[in-house]
Amino acid sequence: MKYKICLILPYYGVFPNYFHLWINSASYNSFIDFYIITDSDFPYQLPDNIRVKTISLNEIKQRLQEKTKKKVILSSPYKLCDYKPAYGLIFEDIVCNYDYWGWCDPDIIFGNLQLIINENSIEKYDVIGGGGAFTICKNTDFLKRCFLYTNSSMPSFSFNEVRTTKKNLIFDEWGATNIRKYLKIKETSQYDWLYKKVLDIIPPNIKSRHNPMFIRFCNYPIIAKYENGHIFAYTISSNGIENVQEYAYCHLQKRKINIITQQVDSFLLYNEIFLPIQMLQECIHNTQNSIFKQYQHNTTINRRAWGG
């Protein structure tokens with residue numbers, strides 16, 4: 001990779017119980033430098049491509065106000081989600097050394113990120129990802145400041161609205177994305193991204209999901225497998241249980257996950273538990289009756305609905 005890339009993760013509070021797996025999975029992507037911004041205790045040992053910067057939440061607020069010449073509300077860490085598109089300005093002292101900068105979330109297990117960030121995609125797009133969990137942007141002054149653009153015809157909140165409320169208005173996923181679209185910035189399709197590139201598990205508080213491991217836009221997934229920097233998923237289809245293609249990362253959507261394995265280089269994610277990879281066949285066997293019967297039942301209903 002001839003381009004220098006950094007990802008920034010501000011985090012305040014207690015890190016997820018599986019954050020050591022985040023660290024290990026990030027270490028396999030050595031072509032990216034990760035910066036963790038925090039003022040919390042940080043007891044983890046880090047590989048060479050992950051660095052910790054001690055910066056308080058109030059200092060982030062001051063930096064944003066200085067860079068934008070506007071007053072902003074930043075009374076809780078979660079409000080930072082609205083300000084992710086501004087990280088290029090807030091952390092300009094970091095991103096100045098890179099060709100691309102971006103952000104990522106702590107509830108991710110990274111696979112092989114070169115599936116989505118490679119010389120072909122970088123030369124084709126100025127923004128890769130475009131969502132709240134993971135995005136990188138070309139390091140230009142225009143892209144660092146485009147989130148400030150306002151236009152009353154756009155169906156989303158502007159930065160001026162976002163900065164004046166304590167509420168999280170999902171500006172990173174909706175407002176800033178609409179701004180880039182309006183400004184005709186070359187960006188990857190979110191449809192293609194979510195359907196084909198990542199395992200985006202539906203949040204646990206959504207009652208309509210079919211099972212604990214229901215992955216957005218992917219029919220009946222049951223098991224995610226991590227092995228030496230790569231992520232795959234096992235899913236149910238008309239042919240039974242099969243291994244689908246490799247994915248760039250798994251987004252866990254803020255859920256709490258039990259851990260009953262000490263392995264960090266290989267493990268399973270099954271029913272919201274991290275398990276030893278040796279239990280793969282047992283997990284498949286346990287789901288044969290319950291979920292596969294549900295799949296067959298729903299498939300039959302769908303066929304009847306469509307006259308099949």
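The structure places CE of Met1 at 6.0 Å from CD of Glu119, a figure rounded to the nearest 0.5 Å. In this structure, CD in Glu161 is found 11.0 Å from CG in Asp82, a value given to the nearest 0.5 Å. Taking CD1 of Ile32 as the start and CD1 of Ile117 as the end, the distance is 4.0 Å to the nearest 0.5 Å. Expressed to the nearest 0.5 Å, how far CD1 of Ile257 lies from CD1 of Ile109 amounts to 7.0 Å. Rounding to the nearest 0.5 Å places CD1 of Ile231 at 7.0 Å from OG of Ser25. To the nearest 0.5 angstrom, Thr177 atom OG1 is 7.5 Å from Asp172 atom CG.
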Review point. Do Phe110 and Phe134 pass the side chain to side chain contact (heavy atoms under 4.5 Å, CB included) test, and can you show the C-alpha distance, the side-chain angles, and the key distance before you say yes or no?
Key: CA-CA 10 Å; Phe110 299 104; Phe134 182 102; 4.0 Å; yes
Review point. Going through the checks in order, is the side chain to side chain contact (heavy atoms under 4.5 Å, CB included) test met by Trp101 and Ile136?
Key: CA-CA 5 Å; Trp101 62 273; Ile136 68 167; over 6 Å; no
Check your understanding: Please walk me through it: do Cys81 and Ile170 pass side chain to side chain contact (heavy atoms under 4.5 Å, CB included)?
Key -> CA-CA 7 Å; Cys81 294; Ile170 321 178; over 6 Å; no
**Study point:** Test log, rule side chain to side chain contact (heavy atoms under 4.5 Å, CB included), inputs Asp105 and Tyr249
**Key:** CA-CA 11 Å; Asp105 281 353; Tyr249 64 85; over 6 Å; no
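The list of side-chain hydrogen bond (donor to acceptor under 3.5 Å, both in side chains) pairs with a residue in residues 28-46, not counting sequence neighbours, reads Tyr28-Asp265, Asp33-Tyr98, Tyr35-Arg51, Tyr35-Tyr98, Thr38-Ser40. Within the structure, ring pair (Phe, Tyr, Trp, His ring centres under 6.0 Å) contacts touching residues 50-81 (residues at least two apart or in different chains) do not occur. For the side-chain hydrogen bond (donor to acceptor under 3.5 Å, both in side chains) condition, the pairs that include at least one residue of residues 125-148, sequence neighbours left out, are Glu92-Lys144.
Distance alone, capped at 3.5 Å, is enough to place a donor-acceptor pair between the Lys79 side chain and the Thr165 backbone. Lys84 contributes a side-chain N or O that, together with a main-chain N or O of Gly132, makes up a donor-acceptor pair within less than 3.5 Å. A donor-acceptor distance shorter than 3.5 angstrom exists from the side chain of Tyr100 to the backbone of Ile122, with no hydrogens or angles considered. With Trp103 contributing its side chain and Pro85 its backbone, the two residues share no donor-acceptor pair below 3.5 Å. Checking side-chain atoms of Asp107 against main-chain N and O of Leu252 turns up no donor-acceptor pair under 3.5 Å. Between the Lys166 side chain and the Ser75 main chain, no donor and acceptor come within less than 3.5 Å of each other. Using a distance-only test at 3.5 Å, with no hydrogens or angles considered, a donor-acceptor pair links the side chain of Gln65 to the main chain of Val72.
Aromatic ring centres of Phe42 and Phe15 lie closer together than 6.0 Å.
One hydrophobic cluster, built from ILVMFWY side chains closer than 4.5 Å, holds both Leu64 and Leu148.
Annotation: side-chain contact (heavy atoms from CB on, under 4.5 Å) contacts of Asn120 (sequence neighbours excluded): Asn118. Shown here are the side-chain contact (heavy atoms from CB on, under 4.5 Å) partners of Gln114, two or more places apart in sequence or in another chain: Phe31, Asn112.
Residues Ile277 and Lys225 form a side-chain contact, since some pair of their non-hydrogen atoms from C-beta on lies under 4.5 Å apart. Taking the side chain as every heavy atom from C-beta outward, Cys6 and Phe91 never approach each other to under 4.5 Å.
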Enumerate, atom names and distances included, each donor-acceptor pair closer than 3.5 Å involving a side-chain atom of residues 150-157, sequence neighbours excluded.
| from | atom 1 | to | atom 2 | distance (Å) |
| --- | --- | --- | --- | --- |
| Asn151 | OD1 | Ser153 | N | 2.9 |
| Asn151 | OD1 | Ser153 | OG | 2.6 |
| Asn151 | ND2 | Tyr149 | OH | 3.3 |
| Asn151 | ND2 | Tyr182 | OH | 2.9 |
| Ser156 | OG | Asn178 | ND2 | 3.4 |

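Taking the six-membered ring for Trp and thresholds of 30 and 60 degrees, Trp22 and Phe34 have ring planes more than 60 degrees apart, a perpendicular arrangement.
Using a 4.0 Å cut-off between charged side-chain N and carboxylate O, Asp93 and Arg63 make a salt bridge.
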